[in-house]
Amino acid sequence: MAIKRHYDREFVRTFFTSPTAVEGGDDSAKMIRSAAQLQGMKAPDVWVPDNEDATAPSMRDEGVENLIEVVSEYGADFPGEIHPRIVWHREDSSTRYQGFQHMLEIADPENGAIEHIDGFVIPEVGDIDDWKKADEFFTIIEDEHGLEKGSLSMSVIVESGEAELALGDLREEIGKPSNNLERLFMLVDGEVDYTKDMRAMTPTGSLPPWSELRHNTSRGASAAALIAVDGPYDDIRDIEGYHERMEDNRAKGMIGIWSLTPGQVVEANKAPLPPKTGSWLLETGDDEVELREEDGRQIYDGDEISLEETGDGYVLRVGTDERELDEEELHEELLAMTSYVPSMNDIVDSMEEFEAAKEAGQGAIAMTQSTTLAIGDVEVTIEKDRMWDEATYQAAQTPVTLFQDVYEHRSDQHEELEEMYGSDVVDRATNVGN
């Protein structure tokens, strides 16, 4: 059974939560009031006014009032989607009922907020029957308020073993006439509660990496034509760690990540986009370093690798390993040690070249990359040939498709994207592959 998306966004980079009500001060809505006015790279693709964990239980009724007030005032100008998180729990009917009542209030057209709201986020779900319970509440709310059937998207937070197992049931369940699970939009990991549910422990008390959960969520999203989003990275000052987490996620097909601050939003908005300039990387044993470009050469400045030319060959040292190589062996060794991170312009160039070749009747072509490596006083020119066919083209197209999705839906970021890449590259990137 082919599953079709019912929503416009194909990618979500940023899932930004902010409490709907905070105690103390004159304005308990100050956090969501500030978030609602974010623009450009500081604004997330999905904003989640959080009336669950981020808001104290005693403040949640006030949080609903704040949410309605703020979204009614600022929602029309907010550049991303708005998906409030309400309370829910697979084992607690009273909590589910409270969430239902809050959704009813938020979705009431007379309150003026629902026209700017795209859906709701449901936490603490259990097995697939629990997802159907939530879906039924959505259907009742749409009927109660005269909203179009399926117009409210549902996103769930996978934070229990039950919910993770339910990912395997999605493809079969979506589209059955007994439910409206086609309304599903995002599958979001919640590693903190998942750790609690799994009764997992680490020596330091830190969260396990849960790479299997992230893989399973991404796989479930792919199979059901949904969007996968990773959970929060709570060390908000560890920008390097945040980038490493996002890079690991992207290798799993999980583009989106939870953002806890506007600073994390900026990092997460930019990280999946192809870089402005390409770069060569060199393996240095257990690490990998970016080479410095100068006068068309790629220069290695470290001390983990050395290269010396002898009368009849070369001596290459990597850490404590030292090898004598002839010219051909050195070339092959350096090819294995280097890799290239293409820029947006590089990707577009390659796609355009393959499209031209395909138009001329060629099914596959060779793409050549070459550069000159400078290690110490020795310079070596290396070349890499890669065959491009239709499958290679489609794989390379993913970051460009992401860019096109961003450019289509986030007009508030156009100026920053043109500053990043230049208007010519932006123009070509928005048209290639179409």
Side-chain angles (χ1 to χ4, degrees), residues 202-204 206-209 211 214 230 233-252 257 263-264 266-268 270-347 349-350 367-386 396 399 420-421:
T202 64
T204 63
S206 60
L207 288 179
S211 57
R214 290 181 283 139
D230 190 18
Y233 190 85
D234 57 6
D235 189 347
I236 59 176
R237 299 189 182 200
D238 182 12
I239 301 301
E240 182 178 348
Y242 195 48
H243 275 271
E244 289 175 357
R245 179 74 166 209
M246 288 187 285
E247 184 175 333
D248 185 61
N249 284 343
R250 291 195 296 275
K252 295 177 172 66
I257 191 168
Q264 282 192 336
V266 173
E267 297 298 326
K270 291 182 176 180
L273 297 171
K276 178 180 179 179
T277 57
S279 59
W280 284 88
L281 306 177
L282 180 66
E283 292 182 7
T284 60
D286 295 331
D287 201 3
E288 194 173 48
V289 298
E290 182 176 331
L291 299 176
R292 174 171 59 88
E293 196 276 333
E294 183 179 293
D295 298 330
R297 300 172 301 153
Q298 301 297 323
I299 300 174
Y300 173 69
D301 293 318
D303 54 13
E304 288 295 311
I305 297 176
S306 66
L307 180 61
E308 296 178 7
E309 192 168 3
T310 63
D312 55 356
Y314 300 86
V315 175
L316 175 66
R317 180 185 60 81
V318 180
T320 58
D321 180 48
E322 188 171 286
R323 299 175 61 191
E324 294 185 7
L325 306 168
D326 62 26
E327 185 173 351
E328 183 177 346
E329 290 171 335
L330 175 64
H331 186 267
E332 292 301 316
E333 189 70 22
L334 292 177
L335 276 178
M337 293 170 61
T338 55
S339 55
Y340 183 69
V341 179
S343 67
M344 172 72 88
N345 189 55
D346 293 327
I347 298 171
D349 276 346
S350 297
M367 300 277 191
T368 301
Q369 288 177 332
S370 64
T371 192
T372 298
L373 297 181
I375 302 175
D377 296 327
V378 181
E379 296 183 3
V380 181
T381 298
I382 60 171
E383 288 187 349
K384 292 188 176 189
D385 290 324
R386 183 184 181 192
M420 186 186 307
Y421 296 119

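If you read the sequence from its start, that first residue is 1, and numbering goes on from there.
Not one N or O on the side chain of D349 forms a donor-acceptor pair closer than 3.5 Å with the backbone of D346. Q264 places a side-chain N or O within 3.5 Å of a backbone atom of Y233 that can act as its donor or acceptor partner.
One distance of note links OG1 of T277 with CE of M344; it measures 12.5 Å at 0.5 Å rounding. Rounded to the nearest 0.5 angstrom, T310 OG1 and E308 CD are separated by 9.0 Å. Once rounded to the nearest 0.5 Å, the distance linking CG of L325 with CD of E333 reads 6.0 Å. Within the model, atoms CG of D235 and CD of E240 stand 11.5 Å from one another, a figure rounded to the nearest 0.5 Å. With rounding to the nearest 0.5 angstrom, the OG atom of S339 is 6.0 Å from the NZ atom of K384. Note that NE2 of H331 and CD of E329 are 13.0 Å apart. Values are rounded to the nearest 0.5 Å.
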Verify side chain to side chain contact (heavy atoms under 4.5 Å, CB included) between L307 and Y300, making sure each step is shown before the conclusion. CA-CA 11 Å; L307 180 61; Y300 173 69; over 6 Å; no

Side chain to side chain donor-acceptor pair (under 3.5 Å) assessment of R317 paired with S306: CA-CA 5 Å; R317 180 185 60 81; S306 66; 3.2 Å; yes

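Shown here for A268 and I257, the closest heavy-atom pair between the two residues is CB-CG2, 3.6 Å. Residues I347 and P399 come closest through the heavy atom pair CD1-CG, 4.0 Å. Scanning all heavy atoms of the two residues, the minimum distance from E290 to S279 falls at OE2-CB, 3.6 Å. The nearest pair of heavy atoms linking H243 to E267 is NE2-OE1, 2.6 Å. Heavy atoms only, all atoms of each residue included: A271 and M246 are closest at CB-CE, 3.8 Å.
Environment of CD in E283: crowded, with over 12 heavy atoms of neighbouring residues, nucleotides or ligands closer than 6.0 Å. Within 6.0 Å of atom CG in D377, 12 or fewer heavy atoms from other residues, nucleotides or ligands are found, so the atom counts as exposed in its surroundings. Dense packing is recorded around CD of E379, with more than 12 heavy atoms of other residues, nucleotides or ligands lying under 6.0 Å away. Counting heavy-atom neighbours within 6.0 Å of E324 CD, excluding the residue itself, gives a total of 12 or less. Other residues, nucleotides and ligands contribute more than 12 heavy atoms inside 6.0 Å of the CD atom of E294. Residue D286 qualifies as open at atom CG: its count of foreign heavy atoms under 6.0 Å is 12 or below. Surrounding NZ of K252 are more than 12 heavy atoms belonging to other residues, nucleotides or ligands, all under 6.0 Å away. Within a 6.0 Å sphere centred on CD of E288, heavy atoms belonging to other residues, nucleotides or ligands number more than 12.
Contact of the Q298 side chain with the E293 side chain is registered, since non-hydrogen atoms from C-beta on lie closer than 4.5 Å. Residues T338 and T371 form no side-chain contact, since every pair of their non-hydrogen atoms from C-beta on lies 4.5 Å or further apart. Looking at heavy atoms from C-beta onward, Y314 lies out of side-chain contact with L334 at the 4.5 angstrom threshold.
Exactly one of L316, L373, L281, T284 qualifies for a side-chain contact (heavy atoms from CB on, under 4.5 Å) with M337. That residue is L316.
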